[in-house]
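Structure, as structure tokens:
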Amino acid sequence: MSDSKEKSKKPKRPKPGTIPRTPMPEQDPVARGKNFDEVPLGYTPEQAKKEADRCLECKKPACVKGCPVNVNIAKFIGLVRQEKFAEAARAVKETNALPAVCGRVCPQETQCEEKCILGKKFEPVAIGRLERFVADYERENDLVELPEKAPACGRRVAIVGSGPAGLTVAGDLVLLGYEVTVFEAFHKPGGVLMYGIPEFRLPKDIVEKEVNYIERLGVELDMNQVVGKSITVDELFGEEGYDAVFVGVGAGLPVFLGLEGEDLGGVYSASEYLTRSNLMKAYRFPEYDTPVVDGKQVTVIGGGNVAMDSARVALRLGAESVTIVYRRSRDELPARGEEIHHAEQEGIIFKLLTNPVGFDGDERGMVRAMRCIRMELGEPDDSGRRRPVPVPDSEFSIETDLAILAIGSGANPLLTKSTPGLNLNRWGYIDCDGRGRSNRPGLWAGGDIVTGSATVIEAMGAGRIAARDIHEYLSANGEGSWREDSE
Amino acid sequence: MPRIVRKRELVPKIHELVVEAPRVAAKALPGHFVIVMADEPGERIPLTVADFDRAAGTITLVLMVVGTSSDKLSRMAEGDDLYALIGPLGRESEIEDVGTAVMVAGGVGTAPIFPIARGMREFGNGVISIQGARSKELLFWDEKLAAVSDTHIITTDDGSAGRKALVTEPLVELLQADAENKDTPKQIGCVYAIGPAVMMRACAEATRPFGVKTVVSLNTIMVDGTGMCGGCRVQVGDETLFTCVDGPEFDGHLVDWSPVLARQKVYCQQEKCSLDRYVEERGQA
Ligand SMILES: Cc1cc2nc3c(=O)[nH]c(=O)nc-3n(C[C@H](O)[C@H](O)[C@H](O)COP(=O)(O)OP(=O)(O)OC[C@H]3O[C@@H](n4cnc5c(N)ncnc54)[C@H](O)[C@@H]3O)c2cc1C
Ligand SMILES: Cc1cc2nc3c(=O)[nH]c(=O)nc-3n(C[C@H](O)[C@H](O)[C@H](O)COP(=O)(O)OP(=O)(O)OC[C@H]3O[C@@H](n4cnc5c(N)ncnc54)[C@H](O)[C@@H]3O)c2cc1C
Ligand code: SF4
Ligand code: SF4
Ligand code: FES
């Protein structure tokens, strides 16, 4: 299955706009509503080549600027055109250690594909789908090669959290010759990739393989270690003797609304609902021991990826109807376009311009209904979006036996509170400079614990910057001032 | 891997497990708990660190069999490794100068009460323990608890050991005697009550008229144990708090009990289904 040499002369490119964007083969919407298999099936080599032919391989590719880790898009797509699929995968991996993940979950329409030149007149090149294709091709055909490692430098780095940020730092530094240990609170690595994003969008065996790749590079994973409890950051520097610590613990604090009845059974935070279903595999209950309430009339509050994921999981767990309640209008839904589209296709009902005001329970203390109020859009708020305001006397009630709050998340204080002297911003996120340096010398941070909930690839981008800076700092033996603005 | 180094059945359905966990043992304090998983398909369940041996690097767990996960764990043998053990979690007990502490334990609650009673005693407080069980056969660790108490009172539902009474009876008598003794300053500075939720609520109601601080340890259903899911949320006063990080010990007079009780029953049907399947798989009733 190796790439053939004869094809190295680039085939002629068709005129821009003459081929339409190659559609992604997908599972049928009705059938997939009952299983947890992946929804998009992936390109065939023919489809990939056809889509790659659309790319202009621009001299100054605008798409690259839209990608937080600057994947060399023109180069890898050029290799796809030449059917050098494994080489294409390696070209992506030069800057992105998790291409099979990013190809699936990046919000391409606001990142790389938004900037694609072709997109100005026609539809942009399907960069994400091609990225997924090459990564899958390389993995499925066992063509993954381990890159060369620098000789051991004798320095040790501790990474806290095995989400995309932490894994990126780990992968980068191990190649530079560092001894790297990742401390993870859960029993499985991957962060949100493992416990948040559902199987049908990101199969867990792919996450496991990508993590396994990083382990094969020589990174050590120390699971079931809650840093701040099992061991503290100060101990990592002290007794454990690490030269640097990177904190990538994500934005793991569920947000509740403080509404009446929020404590009823069957009212969940999306974190709990998704952790039970994904990480603990409640969708395979009772084969797996962790249960989850299986609602028939399900209501999900929120409009982001987390809300779409919760709704689509509930559907697959046997709900008769699933309603997403969002306080703004459709245009403001923050979820990826593809997820909204998939949710609509699967029959998820959208109740827009609606906000919950309380929950009613039955005699067993289980949720029975959600009381709502209608909203309308008023003046623009700080975010520039028109602020939703309640319409007077418009309360109504929705019957529901499972309600999931997917209204965002905050900074979990467990680690930060146990790390004396660490500066936080007013929302509790770690205050870092552009290189990921916190105010404490030797302590870097990145990903959602610095920015608040963002994206997989932004967390990886932050990890990459921090890794480079850790290397620079430790190579210079920590000389020079730590951070101009904080000391 | 956290290895079970010793295991024995204390009384029917209550098992003592000594587990190798040097990091946890080094840090554990009274009030802390761990989350354990028996195997990969297993549930993450919280268990109190009932004792610890820092030198040996082991912790002691006392497990009551109530459903699938606890049953699975109880069937593991010495030398087996737990799939996961995470901790120590939760806030430690506030061990401080209280004068005399009354420690009330119901059923398996004796296990979490023990390290707190010992801590209170070592701090220099007087310790009166009230240990309740349904009957004599279900009493365990009574000598261990007595050894760290100035006074040790046993109650059973059927009178087969100690007094035939509920734990609240001697508790109220002690508080009454303390209140009536007007010449001396109050002796009893705080009450700890750990056991089934209904028992803890009854203790909190019993002490309320006396205005004595009453600490309870809530056994909510948990998942992560790190404040990430909110599944363990409880109402205490006007606040929503997470049992795993803000607790598990709370002021029993401020806890809103009805959601605590209701939320423990959310998975009743599934728990039964899981247990039926598990029992069938093991090929025995
Ligand atoms: C349901 C859901 C769907 C999403 N969908 C998308 C999407 O489609 N596309 C996209 O780009 N982004 C999506 N996101 C956002 C994206 O997943 C996050 O922005 C990204 O995972 C952040 O990475 P991170 O490395 O900062 O943290 P996380 O992925 O949150 O990882 C943090 C890790 O640290 C561990 N940890 C926490 N505290 C401690 C501690 N004290 N000690 C040790 N370990 C600790 C956690 O257990 C976790 O494993 C989604 C998020 C959610 C929740
Ligand atoms: C902080 C804390 C400390 C605890 N310490 C101990 C201890 O030292 N010894 C001990 O025997 N038990 C302890 N428990 C309770 C123990 O976790 C549950 O008995 C166990 O999870 C039951 O699981 P199961 O599958 O065997 O039973 P299930 O079939 O799941 O349930 C049986 C009953 O147990 C309760 N329960 C179920 N899941 C949980 C859960 N995850 N957390 C709490 N309760 C649950 C439910 O109310 C249910 O009615 C503690 C609980 C907490 C929160
Ligand atoms: S990593 Fe994400 S943003 Fe970058 S090129 Fe790939 S799909 Fe686009
Ligand atoms: S901007 Fe579009 S057309 Fe140009 S190289 Fe990037 S993907 Fe290809
Ligand atoms: S168990 Fe998840 S927040 Fe407490």
Side-chain angles (χ1 to χ4, degrees), chain A residues 185-188 195 222-232 235 249-256 258 261-276 279-282 284-294 361-366 405 409 412-415 417, chain B residues 2 21 23-24 26-27 32 34-35 37-45 67-69 72 83-90 221 223-235 240 242 244-245 256 258-271 273-278 281:
Chain A
F186 269 130
H187 55 283
K188 289 197 173 154
Y195 69 73
D222 201 348
M223 307 305 297
N224 302 314
Q225 304 299 337
V226 182
V227 177
K229 283 286 179 189
S230 322
I231 189 164
T232 64
E235 286 166 347
V249 291
L253 183 75
V255 174
F256 291 94
E262 221 166 52
D263 287 336
L264 289 163
V267 180
Y268 282 102
S269 74
S271 323
E272 182 181 1
Y273 186 70
L274 292 172
T275 303
R276 283 180 177 272
L279 180 73
M280 306 310 295
K281 296 205 166 34
R284 284 166 67 182
F285 181 87
E287 188 192 331
Y288 277 72
D289 296 338
T290 304
V292 69
V293 168
D294 44 355
D362 63 15
E363 64 292 340
R364 286 165 43 240
M366 297 294 288
L405 298 162
S409 57
N412 188 319
L414 192 141
L415 178 137
K417 256 168 75 183
Chain B
R23 267 196 191 147
V24 182
K27 286 231 156 78
H32 280 152
V34 290
I35 286 207
M37 286 176 82
D39 52 15
E40 197 266 340
E43 206 179 354
R44 296 169 64 98
I45 70 161
T68 307
S69 306
K72 233 187 205 180
Y83 175 75
L85 181 137
I86 302 110
L89 300 170
I221 293 177
V223 185
D224 55 298
T226 62
M228 197 215 85
C229 77
C232 63
R233 63 192 183 276
V234 288
Q235 290 297 322
T240 297
F242 293 173
C244 66
V245 285
D256 182 1
S258 59
V260 170
L261 292 161
R263 285 180 71 82
Q264 283 184 342
K265 299 202 181 77
V266 165
Y267 301 104
C268 272
Q269 272 175 352
Q270 282 110 320
E271 282 157 1
C273 151
S274 165
L275 190 60
D276 289 350
R277 177 182 173 280
Y278 180 68
E281 245 183 22

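Order of the sequence lines sets the chain letters (A, B, ...), proteins ahead of strands, with each chain counted from 1.
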In terms of heavy-atom proximity below 4.5 Å to chain B, should [X] be classed as side chain, backbone, both, or neither?
{"X": "A:Tyr273", "answer": "neither"}
{"X": "A:Gln225", "answer": "side chain"}
{"X": "A:Arg276", "answer": "side chain"}
{"X": "A:Thr275", "answer": "side chain"}
{"X": "A:Leu414", "answer": "side chain"}
{"X": "A:Val292", "answer": "backbone"}
{"X": "A:Phe285", "answer": "side chain"}
{"X": "A:Ile231", "answer": "both"}

Please classify the contact of [X] with chain A as side chain, backbone, both or neither, using a heavy-atom distance under 4.5 Å.
{"X": "B:Thr68", "value": "side chain"}
{"X": "B:Pro259", "value": "side chain"}
{"X": "B:Ile45", "value": "neither"}
{"X": "B:Lys265", "value": "neither"}
{"X": "B:Val24", "value": "neither"}
{"X": "B:Gln269", "value": "neither"}
{"X": "B:Ile221", "value": "side chain"}

Check whether any side-chain heavy atom of [X] lies under 4.5 Å from a side-chain heavy atom of [Y], and answer yes or no.
{"X": "B:Met37", "Y": "A:Asp289", "value": "no"}
{"X": "A:Pro286", "Y": "B:Tyr278", "value": "no"}
{"X": "B:Arg44", "Y": "A:Met280", "value": "yes"}

Using a 4.5 angstrom heavy-atom cutoff, name the option from A:Lys281, A:Glu287, A:Glu262 with the most pairs to chain B.
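Max contact count across the listed options: A:Glu287.
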
Nearest heavy atoms of [X] and [Y], plus distance in Å:
{"X": "B:Leu89", "Y": "A:Val226", "answer": "CD2-CG2, 4.1 Å"}
{"X": "B:Gly230", "Y": "A:Pro254", "answer": "N-CG, 3.7 Å"}
{"X": "B:Gly227", "Y": "A:Asn412", "answer": "O-ND2, 3.4 Å"}
{"X": "A:Met366", "Y": "B:Val266", "answer": "SD-CG2, 4.1 Å"}
{"X": "A:Pro291", "Y": "B:Glu43", "answer": "CD-OE2, 3.9 Å"}

Can you tell me which of B:Glu40, B:Lys72, B:Gln235 forms the most heavy-atom pairs within a distance under 4.5 Å of chain A?
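Of the options given, most contacts go to B:Glu40.
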
A:Arg364 CZ: over 12 foreign heavy atoms closer than 6.0 Å
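Atom CZ in A:Arg364 is not packed in, count stays at 12 or less.
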
What's the separation between atom OH in B:Tyr267 and atom OG1 in A:Thr290, rounded to the nearest 0.5 Å?
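Answer rounded to 0.5 Å: 9.5 Å.
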
Nearest 0.5 Å, what's the NZ-OG1 distance between A:Lys229 and B:Thr226?
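Here the interatomic distance stands at 10.5 Å.
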
Mark yes or no for whether A:Ser269, through its side chain, and B:Cys229, through its backbone, hold a donor-acceptor pair below 3.5 Å.
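Yes; judged by distance alone, with no hydrogens or angles, the pair exists.
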
Could you tell me which residues satisfy salt bridge (Lys or Arg N to Asp or Glu O under 4.0 Å) with A:Asp263, sequence neighbours excluded, listed by chain and number?
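Once residues adjacent in sequence are excluded, the partners of A:Asp263 under the salt bridge (Lys or Arg N to Asp or Glu O under 4.0 Å) criterion are B:Arg233.
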
Indicate yes or no: does A:Glu235 engage B:Arg23 in a salt bridge with an N to O separation below 4.0 Å.
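Here A:Glu235 does not pair with B:Arg23 in a salt bridge, since their nearest N and O are not under 4.0 Å apart.
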
